[in-house]
2 protein chains.
Amino acid sequence: MNTSGGLTITIATEGDVAQILTFIKALAEYERLADSVVATEEGLRATLFGPRPYAECVIARWNGEPAGFALFFHNYSTFLGRPGLYLEDLFVKPELRGKGVGRSLLSYLANIALERNCGRLEWSVLDWNASAIGFYRSLGAEPLEEWTIFRLKGEALSRLAGH
Amino acid sequence: MNTSGGLTITIATEGDVAQILTFIKALAEYERLADSVVATEEGLRATLFGPRPYAECVIARWNGEPAGFALFFHNYSTFLGRPGLYLEDLFVKPELRGKGVGRSLLSYLANIALERNCGRLEWSVLDWNASAIGFYRSLGAEPLEEWTIFRLKGEALSRLAGH
């Protein structure tokens with residue numbers, strides 16, 4: 001747990017699943033991708049808190065009220081021969097922004113990254129999100145402009161698998 | 001194990017560490033990033049085959065000779081509420097290209113993705129690598145043009161952690 005003023009950050013547990021889904025939906029709304037969310041409490045419970053957790057989650061509270069969350073997992077750098085930490089989602093409720101909640105969540109993850117001997121903390125940002133980009137640059141983060149992510153899913157994925 | 005003609009694909013074990021490092025260095029050379037490789041056999045052994053493996057690796061052999069490799073880990077989609085498979089490295093020796101080794105490695109990973117109920121197979125590609133991009137598009141993969149990866153490392157990472 002990490003406390004600063006009215007802010008508390010804790011590792012999420014199974015009892016937080018409903019809150020996590022609420023945050024995921026609010027983030028999707030902000031990213032103008034609300035239609036893309038098909039996650040369910042059941043799915044989150046199975047994949048985050050089951051026998052093989054695929055990601056980890058921390059929750060920030062402001063004066064006890066859920067304020068935001070960060071969800072992350074380990075990626076890997078073959079060039080370093082070490083794991084990294086990849087931040088998949090970072091969200092702070094609009095009405096609780098400007099209090100340092102987002103920065104505290106990132107700082108919390110930076111500590112986890114160093115504790116676990118990770119070489120890097122990475123994440124992706126939508127190109128139009130200028131305020132987020134300015135914030136990330138102010139932390140010293142650098143954009144990997146020359147890389148593009150490719151995604152294979154659905155029928156194309158099944159076809160490649162030979163199914 | 002997966003065999004097709006002279007091609008064999010197997011899950012890498014600790015005994016393959018030296019070969020994996022050779023592939024990593026050859027890939028870095030191809031990406032014009034050879035100076036960035038600081039990985040060691042010891043580091044790979046600890047992080048890939050230790051008590052907490054951070055990534056998995058498969059090796060392709062052509063008529064018994066090491067031909068290429070793929071290294072991958074699980075990422076996570078909060079919108080799907082499911083894990084995905086992220087391909088960090090894919091490499092085939094230049095003299096063994098054109099035999100379907102790269103496609104077979106990707107197909108092998110697509111099978112693992114489906115077996116583990118992953119919603120997506122993703123990877124990143126350098127913008128100048130037109131032949132790779134053409135190949136990925138031919139598989140039905142789509143570029144996520146609107147996203148940029150940010151990276152925090154070194155002193156900036158320590159500063160954010162408050163160290």
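Note that the coordinates shown come from a computational prediction; the quantities given were computed from them, not determined experimentally. Order of the sequence lines sets the chain letters (A, B, ...), proteins ahead of strands, with each chain counted from 1.
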Item to complete: Might you point out which heavy atoms bring B/Glu145 and A/Asp127 nearest each other, and give the distance in Å?
Response: O-OD2, 3.2 Å
Discussion item. Just to verify, what does A/Arg120 make a salt bridge (charged side-chain N to carboxylate O under 4.0 Å, His left out) with, not counting sequence neighbours?
Written reply: none
Practice prompt. Looking only at non-hydrogen atoms, find the nearest pair between A/Gly81 and B/Leu44 and report the distance.
Written response: CA-CD2, 3.9 Å
Worksheet item: Are A/Leu48 and A/Leu105 connected in the hydrophobic side-chain network, where two residues link if heavy atoms are under 4.5 Å apart?
Response: no
Worksheet item: If you count heavy-atom pairs under 4.5 Å with chain B, which of A/Leu144, A/Leu109, A/Asn117 comes out on top?
Response: A/Leu144
Worksheet item: When only pairs under 4.5 Å are counted, which of A/Ile112, A/Leu80, A/Leu85 shares the most heavy-atom pairs with chain B?
Response: A/Leu80
Worksheet item: Should A/Leu71 and A/Val58 be regarded as members of a common hydrophobic cluster, given that ILVMFWY residues are connected when their side-chain heavy atoms come within less than 4.5 Å of each other, either directly or indirectly?
Response: no
Fill in: Most contacts with chain A, counted as non-hydrogen pairs under 4.5 angstrom, among B/Ala161, B/Ala110, B/Ala55, B/Ser158
B/Ala161
Worksheet item: Can you find a pair of side-chain heavy atoms, one from A/Phe79 and one from B/Ile24, that are under 4.5 Å apart?
Response: yes
Item to complete: Supply the atom-to-atom distance B/Thr78 OG1 to A/Lys25 NZ, rounded to the nearest 0.5 angstrom.
Response: 12.5 Å
Practice prompt. Sort out for me which of B/Cys57, B/Gly162, B/Ala113, B/Ala156 touches chain A most, counting heavy-atom pairs under 4.5 Å.
Written response: B/Ala156
Worksheet item: Mind checking which of residues 86-99 of chain B sit less than 4.5 Å from chain A, heavy atom to heavy atom?
Response: B/Glu88, B/Asp89
Worksheet entry | When A/Pro83, A/Ser77, A/Ser36, A/Gly43 are compared by non-hydrogen pairs under 4.5 Å with chain B, the top option | A/Pro83
Worksheet item: So does A/Glu41 have more than 12 non-hydrogen atoms from other groups sitting under 6.0 Å from CD?
Response: yes
Discussion item. Within the 4.5 Å heavy-atom criterion, are A/Lys153 and B/Leu121 side-chain neighbours or not?
Written reply: no
Worksheet item: Can you tell me how far CD of B/Glu146 sits from CD1 of A/Ile149, rounded to the nearest 0.5 angstrom?
Response: 9.0 Å
Worksheet item: How far apart are the C-alpha atoms of A/Trp123 and B/Leu152, what are their side-chain angles, what is the distance that settles it, and do they pass the side-chain contact (heavy atoms from CB on, under 4.5 Å) test?
Response: CA-CA 9 Å; A/Trp123 61 89; B/Leu152 197 66; 4.1 Å; yes
Discussion item. Within the structure provided, determine whether A/Leu106 and B/Leu160 are in side-chain contact (heavy-atom separation under 4.5 Å).
Written reply: yes
Fill in: Structural part of B/Leu33 lying under 4.5 Å from a heavy atom of chain A
both
Worksheet entry | pair B/Arg52-A/Arg116: side-chain heavy atoms closer than 4.5 Å | no
Item to complete: On the 0 to 90° scale, with breaks at 30° and 60°, tag the A/Phe73-B/Phe73 ring pair as parallel, tilted or perpendicular.
Response: tilted
Worksheet item: Just wondering, are more than 12 heavy atoms of other shown residues or ligands nearer than 6.0 Å to CD in B/Glu42?
Response: no
Worksheet entry | Residue pairs involving residues 11-38 of chain A (criterion ring-ring contact (aromatic ring centres under 6.0 Å, His included); sequence neighbours excluded) | A/Phe23-A/Phe69
Worksheet item: Got A/Leu114 and B/Leu157 here, is their nearest side-chain heavy-atom distance under 4.5 Å?
Response: yes
Practice prompt. For residues B/Tyr76 and A/Glu56, determine if any side-chain heavy atom of one lies less than 4.5 Å from a side-chain heavy atom of the other.
Written response: no
Worksheet entry | Residue B/Glu31 versus chain A: region with a heavy atom under 4.5 Å | side chain
Worksheet item: Is the closest side-chain heavy-atom distance between A/Asn111 and B/His163 below 4.5 Å?
Response: yes
Response to the item:
Output for pair (A/Phe150 CZ, B/Glu122 CD), nearest 0.5 Å, gives 12.0 Å
Worksheet item: If you group Ile, Leu, Val, Met, Phe, Trp and Tyr by side-chain heavy-atom gaps below 4.5 Å, do A/Ile9 and A/Ile59 land in one group?
Response: no
Worksheet item: chain A contacts: which residues in residues 133-142 of chain B have a non-hydrogen atom closer than 4.5 Å to it?
Response: B/Ile133, B/Tyr136, B/Arg137, B/Leu139, B/Gly140, B/Ala141, B/Glu142
Fill in: More than 12 heavy atoms from other groups under 6.0 Å of CZ on A/Arg103
no
Worksheet item: Taking B/Leu126, B/Leu21, B/Thr40 one by one, which has the highest count of heavy-atom pairs under 4.5 Å against chain A?
Response: B/Leu126
Worksheet item: Checking heavy atoms, do the side chain of B/Arg45, its backbone, both or neither come under 4.5 Å from chain A?
Response: neither
